[in-house]
Amino acid sequence: MLTHHLGHKALSRRSLIASALTGLACSPKLLHAATPPLSSAQLLMGGTLRSIPGQFSELASAPLTRGLGLTTPIQLTPDVGLDGVKVANEFDNSIAADGQTAIVVPGNAFIAAQTGDPRTHYDFTRWIPLLVAHTVSVVVTRADTHLNFAHRLRNFFRGHSVRLAVSHPTGSELSALLGLSLLDLHPTPVPGFATSQEALNALSNGLVDAVHIMPTRGSPPLLDTLKSLPPGVAPLYHTGDLSGTPLNDIPNFLEVCEQLRRRPPEGPLFAAWQAASAGICTPFAVALPMLTPPPLVERWKNACSAAAENEDVRHWAETYYFSLATGENAAPFFSRIRPSAEAQLALRRWIALNTPRWRLGQETRLF
């Protein structure tokens with residue numbers, strides 16, 4: 001009996017100690033205090049200092065340095081590749097999950113991964129999002145003006161495809177190319193346009209019929225661009241959130257689809273369009289490697305929240321029509337970029353089917 005009693009007391013003591021340790025481990029303040037301070041940190045940027053990720057990194061460097069408790073300024077490591085693929089490969093394959101390195105990557109890196117670009121050797125779905133910028137884009141087309149919207153669009157493009165200005169078919173205009181295909185407008189990509197302004201000039205000269213306007217490509221503010229559209233050109237649809245802006249009368253993709261096709265879009269290609277549109281409407285995102293210790297993740301999240309609230313950063317973001325989501329608010333935006341396996345397979349099949357046609361200057365087919 002005595003032995004049993006003593007054993008019970010010893011077991012209880014061990015249980016109490018274990019419970020106490022568990023309580024200590026679950027305390028955020030104690031976790032933060034127990035986490036060794038970061039001696040240094042760096043931002044890997046998917047672009048030069050003049051790129052969108054580079055501009056953000058420079059503006060955010062001071063608040064990030066303070067928020068992370070660094071004694072020396074956070075290191076900015078630019079990359080000459082503008083689409084972020086090179087730096088994303090380095091981040092996913094060579095960076096330790098020690099909380100010392102975060103990536104600032106442009107949306108084109110997500111599109112490259114979605115489309116199966118052979119250069120991609122990373123899985124962005126494993127990253128931990130800290131901050132996600134999101135914006136809007138608008139597809140504008142040539143059309144007659146004397147009939148209602150749906151009729152004038154059908155009449156204008158009856159018998160020929162829509163010539164869409166693109167940098168290259170699977171680049172920033174991918175969602176517009178797929179979107180016009182889902183609208184049964186049979187787009188033909190016309191490559192070689194590096195900026196929205198170049199594409200709009202071609203639209204004015206009748207060389208193309210449609211342009212995908214994105215405020216991430218060095219163009220003027222979106223509202224100014226839409227006010228100065230050439231005669232006979234009008235917005236077709238927008239992606240992103242225009243609520244509360246002077247542009248909220250522009251229909252979204254679903255509204256236009258119901259006008260032109262009398263039914264809502266569905267199926268894996270539509271799901272692929274949703275993911276591609278989310279990626280293209282993401283000017284940049286800040287993320288940590290998978291398996292970064294939770295206390296360090298929290299430290300970075302707090303620092304990114306402080307950076308997003310910085311006056312210089314907010315003014316810069318407003319100029320570009322960017323909204324910045326941080327902390328737990330960033331995760332939903334990041335998840336929208338991740339296509340399902342079925343959607344990704346459908347997208348890659350669609351690209352494989354149409355790539356030979358695009359090279360010959362032929363219109364896009366859905367299947």
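The analysis underlying the following values was restricted to heavy atoms, covering all of them including side chains, and did not include hydrogens, waters or symmetry mates.
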Visitor: Check whether any side-chain heavy atom of Leu164 lies under 4.5 Å from a side-chain heavy atom of Asp209, and answer yes or no.
Guide: no
Visitor: Just checking, is any N or O donor in the side chain of His212 or Ser137 under 3.5 Å from an acceptor N or O on the other one?
Guide: yes
Visitor: Minimum heavy-atom separation for Ser181 to Thr364, with atom names?
Guide: OG-CG2, 3.3 Å
Visitor: Identify whether Leu49 and Val286 are in the same connected component of the hydrophobic contact network (ILVMFWY, side-chain heavy atoms under 4.5 Å).
Guide: yes
Visitor: Mind listing the closest non-hydrogen atom pair of Val138 and Pro235 along with its distance?
Guide: CG1-CB, 3.8 Å
Visitor: If you round to the nearest 0.5 Å, how far is OG of Ser196 from CE of Met214?
Guide: 5.0 Å
Visitor: Tell me, with the steps shown, if Thr239 and Ser175 meet side-chain contact (heavy atoms from CB on, under 4.5 Å).
Guide: CA-CA 10 Å; Thr239 54; Ser175 68; 5.6 Å; no
Visitor: Can you tell me if Ser172 and Asn108 form a side-chain donor-acceptor pair at under 3.5 Å?
Guide: yes
Visitor: Check whether any side-chain heavy atom of Ser40 lies under 4.5 Å from a side-chain heavy atom of Gln100, and answer yes or no.
Guide: yes
Visitor: Quick check: closest heavy atoms across Ala133 and Pro283, and the distance to 0.1 Å?
Guide: O-CD, 3.1 Å
Visitor: For a 4.5 angstrom cut-off between non-hydrogen side-chain atoms, does Cys257 reach Leu183?
Guide: yes
Visitor: Can you name the nearest heavy-atom pair linking Thr48 to Ser51, along with the distance?
Guide: O-OG, 2.6 Å
Visitor: Which is it for Val297 and Leu288 under the side-chain contact (heavy atoms from CB on, under 4.5 Å) test, yes or no, and what are the steps along the way?
Guide: CA-CA 8 Å; Val297 172; Leu288 285 172; 4.1 Å; yes
Visitor: Using modelled atom types only, decide if a donor and an acceptor are shared between the side chain of Arg126 and the backbone of Met290 within a distance under 3.5 Å.
Guide: no
Visitor: Is the closest side-chain heavy-atom distance between Asn89 and Asp92 below 4.5 Å?
Guide: no
Visitor: Can you confirm whether the side chains of Glu298 and Asn302 place a donor and an acceptor under 3.5 Å from each other?
Guide: no
Visitor: So if you build clusters from Ile, Leu, Val, Met, Phe, Trp, Tyr with side-chain heavy-atom gaps below 4.5 Å, do Leu366 and Leu174 land together?
Guide: yes
Visitor: Checking the side chain of Asp79 only, and the main-chain atoms of Gly84 only, is there a donor and an acceptor separated by less than 3.5 Å?
Guide: no
Visitor: Counting only heavy atoms not in Glu342, do more than 12 fall under 6.0 Å of its CD?
Guide: no
Visitor: Check whether Arg163 reaches the backbone of Gly206 with its side chain - one donor and one acceptor, N or O, closer than 3.5 Å.
Guide: yes
Visitor: Set out, in order, the CA-CA distance, both residues' side-chain angles and the distance that settles side-chain contact (heavy atoms from CB on, under 4.5 Å) for Leu254 and Tyr237, then state yes or no.
Guide: CA-CA 9 Å; Leu254 292 176; Tyr237 66 83; over 6 Å; no
Visitor: In the hydrophobic cluster built from side-chain contacts under 4.5 Å, what are the other members alongside Tyr122?
Guide: Leu44, Val85, Val87, Phe91, Ile95, Ile103, Val105, Phe110, Phe124, Trp127, Val132, Phe333, Phe334, Ile337
Visitor: Distance from Glu58 atom CD to Trp316 atom CH2, nearest 0.5 Å?
Guide: 11.0 Å
Visitor: Checking Asn329 side chain against Ala325 main chain: does a donor-acceptor pair fall under 3.5 Å?
Guide: no
Visitor: Quick check: closest heavy atoms across Leu177 and Trp358, and the distance to 0.1 Å?
Guide: CD2-CZ2, 3.4 Å
Visitor: Find the distance between CG (Leu360) and OG1 (Thr188) and round it off to the nearest 0.5 Å.
Guide: 11.5 Å
Visitor: Test your reading of the model: is there a side-chain donor-acceptor pair from Asp117 to the backbone of Ala113, 3.5 Å cut-off?
Guide: no
Visitor: Ring-plane angle category for Phe253 and Trp273, please: parallel below 30°, perpendicular beyond 60°, tilted otherwise.
Guide: parallel
Visitor: Taking side chain as C-beta onward, heavy atoms only, is Leu269 less than 4.5 Å from Leu178?
Guide: yes
Visitor: Can you measure from CG (Leu260) to CD (Glu255) and round to the nearest 0.5 angstrom?
Guide: 12.0 Å
Visitor: Apply side-chain contact (heavy atoms from CB on, under 4.5 Å) to the pair Leu226 and Ile250, showing each step before the final yes or no.
Guide: CA-CA 11 Å; Leu226 295 177; Ile250 299 174; 3.7 Å; yes
Visitor: Side chains of Thr326 and Lys301: closer than 4.5 Å at any heavy-atom pair?
Guide: no
Visitor: State, yes or no, whether a side-chain contact exists between Leu207 and Asn201 at a heavy-atom distance under 4.5 Å.
Guide: no
Visitor: Just verifying a value: how many Å separate Gln42 CD and Thr77 OG1, rounded to the nearest 0.5 Å?
Guide: 4.0 Å
Visitor: Within the 4.5 Å heavy-atom criterion, are Leu38 and Trp300 side-chain neighbours or not?
Guide: yes
Visitor: I'd like to know if the side chain of Gln55 and the backbone of Arg50 have a donor-acceptor N/O pair within less than 3.5 Å.
Guide: yes
Visitor: What is the minimum heavy-atom distance between His186 and Glu363, and which atoms define it?
Guide: O-CB, 3.6 Å
Visitor: Once you round to the nearest 0.5 Å, how far does CG of Leu180 lie from CG of Leu182?
Guide: 9.0 Å
